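It should be emphasised that the depicted structure is a prediction, and the values quoted were computed from it without experimental measurement.
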Amino acid sequence: MTGPLRVFGICLCLALGGGPMASAEVILTPEEIAQTLRHGPWPPPGALDPSNRVSGDARAVALGRSLFGDPVLSRNGDLACTSCHDPNRDFTDGLDRAVGQHRLDRNTQALWNLSGLRWFGWSGDTDNLWAQSLTPILNPDEHGHSEASLQRALSESSYKSAYEDLFGPVADETPDATAVHIAKALAAYLETLATGRTSFDRFRDALEQNDMAMAEAYPLAAQRGLRIFLGVGKCAFCHSGPRFSNGEFHDAGVPYFVEPGRVDPGRAAGLDALAQSPYTLGGAYSDDPSKAGGWAAQSVRFHHSNFGMFRVPTLRRVAHTAPYMHDGSLPDLGAVVDHYNTIDLERMHADGEAILRPLGLSPADRDDLLAFLMTLSDDTVVRPD
């Protein structure tokens, strides 16, 4: 027999007088392909936020973009949102832990693909994007404003006219209403921050279309890494769907001690903050008259296992957002893979994370997994102004 024999995208070139020489083009099994398809398509369809009446309003986007880069949103005039969320660093700061009025407890998260999430922040202390936008502004450890000082700063700023075109006279509002409106303008801008398509997305779509010629362009190392991601690594258990995150909270085996004698409670603290917040989807500040989605904050219940759980971050653009984990303790992606490769189960603080086991990957397997992760980060993004 001469010539190639194709079996589900695998080319077996049979050499005369010898055994088969494998030239694998697509090496995934049917089940792995089905799992791969569930990580797309990308981008997801856009949708406005019904709880924010200026969602999608170009005037609000422009105002939010301007406010995002202006220290008027900090009480001392010394911090802007861009101080931690630098657009030139993929909206991170490159530090292990953010610095506000002093060094904080958590790593700065990137701001890509926030539209449509259910929970926000490492601990899920908000259930909508505008409330999350307001959180650092009113935090005394970060921007340090009160509602009253924020309203005063807005009234005295060059943004007053643009603000009043959207929301009406500042003088007619309560300070808390002004704070919420500023946050909604910021959220309108943040909704526009979306990552592009990657080589993984092109591979995934080629598989869906049964276009094996296009799928063959995806590197074999990345395919092997994808198989680890879906299989022995069990990474897709948490990093699922088109965002490569289930958006929920898990214990990744990272110590939650901030310093000797003090811990970061993670989701446990987030639930407390959520229960006390007036800025939820079910609250009076939501513009959605149905209060749809408010059930999420009302239905969650505290469990002891919430201690040490943190929200699963997206893996899109992950190669550009080091360092990693809620405390920034892992400096690069290699360190992240090494963490899961030799994870210490004695450090697990939650009861239900039995999915995690030391992976025991070989150096070659480790390199393949990293090669796959890089294909989630090779898109070209347009930097916002």
Of Ile182, Val54, Thr178, the residue whose pairing with Phe167 passes side-chain contact (heavy atoms from CB on, under 4.5 Å):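 The residue from Ile182, Val54, Thr178 that satisfies side-chain contact (heavy atoms from CB on, under 4.5 Å) with Phe167 turns out to be Val54.
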Derivation of the side-chain contact (heavy atoms from CB on, under 4.5 Å) call for Tyr285 and Thr280: CA-CA 8 Å; Tyr285 297 99; Thr280 65; over 6 Å; no
Between [Y] and [X], is the closest basic N to carboxylate O distance under 4.0 Å?
X: Arg53; Y: Asp288; value: no
X: Asp205; Y: Arg197; value: yes
X: Arg65; Y: Asp70; value: no
X: Arg118; Y: Asp127; value: no
X: Arg311; Y: Glu248; value: no
X: Asp327; Y: Arg97; value: no
X: Asp141; Y: Arg103; value: no
X: Asp287; Y: Lys184; value: yes
X: Arg316; Y: Asp379; value: no
X: Arg204; Y: Glu208; value: yes

Contact between [X] and [Y] at the side-chain level, heavy atoms closer than 4.5 Å - yes or no?
X: Arg227; Y: Phe372; value: no
X: Ser66; Y: Tyr159; value: yes
X: Asn210; Y: Met212; value: yes
X: Pro323; Y: Leu330; value: no
X: Glu191; Y: Leu114; value: no
X: Lys234; Y: Leu359; value: no
X: Gln35; Y: Leu28; value: no
X: Leu73; Y: Leu186; value: yes

Quick check: does any side chain N or O of [X] sit under 3.5 Å from a backbone N or O of [Y], one acting as donor and the other as acceptor?
X: Ser362; Y: Asp365; answer: yes
X: Ser286; Y: Gly283; answer: no
X: Glu173; Y: Gln151; answer: no
X: Thr36; Y: Glu32; answer: yes
X: His39; Y: His239; answer: yes
X: Gln109; Y: Pro313; answer: no
X: Ser377; Y: Val318; answer: yes
X: Gln223; Y: Ile27; answer: yes

Whether Tyr279 and Trp130 hold their rings parallel, tilted or perpendicular, with breakpoints at 30° and 60°: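 Taking Trp130 first and then Tyr279, their aromatic rings stand perpendicular (interplane angle over 60°).
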Parallel, tilted or perpendicular: ring planes of Tyr163 versus His181, cut at 30 and 60 degrees: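 If you compare the ring of Tyr163 with that of His181, the planes turn out tilted.
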Neighbour count above 12 (heavy atom, 6.0 Å) for Met374 CE: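 At most 12 heavy atoms, drawn from other residues, nucleotides or ligands, come within 6.0 Å of this atom.
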Output field: ring centroids Phe229/Phe237 closer than 6.0 Å: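 No, they do not, as the ring centres are separated by 6.0 Å or more.
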Distance flag, aromatic centroids of Phe310 and His250, threshold under 6.0 Å: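 Centroid separation for His250 and Phe310: 6.0 Å or greater.
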For the student: nearest non-hydrogen atoms of [X] and [Y], plus distance:
X: Leu134; Y: Ala183; answer: CB-CB, 3.8 Å
X: His145; Y: Val72; answer: NE2-O, 3.1 Å
X: Thr321; Y: Ala110; answer: CG2-CB, 3.9 Å
X: Asp251; Y: Val254; answer: OD1-N, 4.4 Å
X: Leu373; Y: Leu315; answer: CD2-CD1, 4.1 Å
X: Arg106; Y: Ser123; answer: NH1-OG, 3.2 Å

Path from Ile343 to Val232 over hydrophobic side-chain contacts below 4.5 Å: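 As far as the 4.5 Å side-chain criterion goes, Val232 and Ile343 are connected within one cluster.
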Stacked cation flag Arg267 on Trp122, 6.0 angstrom / 45 deg: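 No, Arg267 does not lie over the aromatic ring of Trp122.
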Test: Arg243 cationic atom under 6.0 Å from Trp42 six-membered ring centre, within 45° of axis: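 No, Arg243 does not sit over the ring of Trp42.
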side-chain contact (heavy atoms from CB on, under 4.5 Å) assessment of Phe120 paired with Leu129: CA-CA 7 Å; Phe120 295 84; Leu129 183 52; 3.8 Å; yes
Can you see whether [X] engages [Y] through a side-chain donor-acceptor pair at a distance of less than 3.5 angstrom?
X: Thr375; Y: Asp378; value: no
X: Gln132; Y: Thr126; value: yes
X: Asp90; Y: Thr92; value: no

For Phe68, ring pair (Phe, Tyr, Trp, His ring centres under 6.0 Å) partners two or more places apart: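 Partners of Phe68 under the ring pair (Phe, Tyr, Trp, His ring centres under 6.0 Å) test: Tyr189.
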side-chain contact (heavy atoms from CB on, under 4.5 Å) between Ser51 and Lys291, intermediate numbers included: CA-CA 8 Å; Ser51 74; Lys291 307 302 180 187; over 6 Å; no
side-chain contact (heavy atoms from CB on, under 4.5 Å) evaluation trace for Arg38 with Ser240: CA-CA 8 Å; Arg38 291 195 285 271; Ser240 58; over 6 Å; no
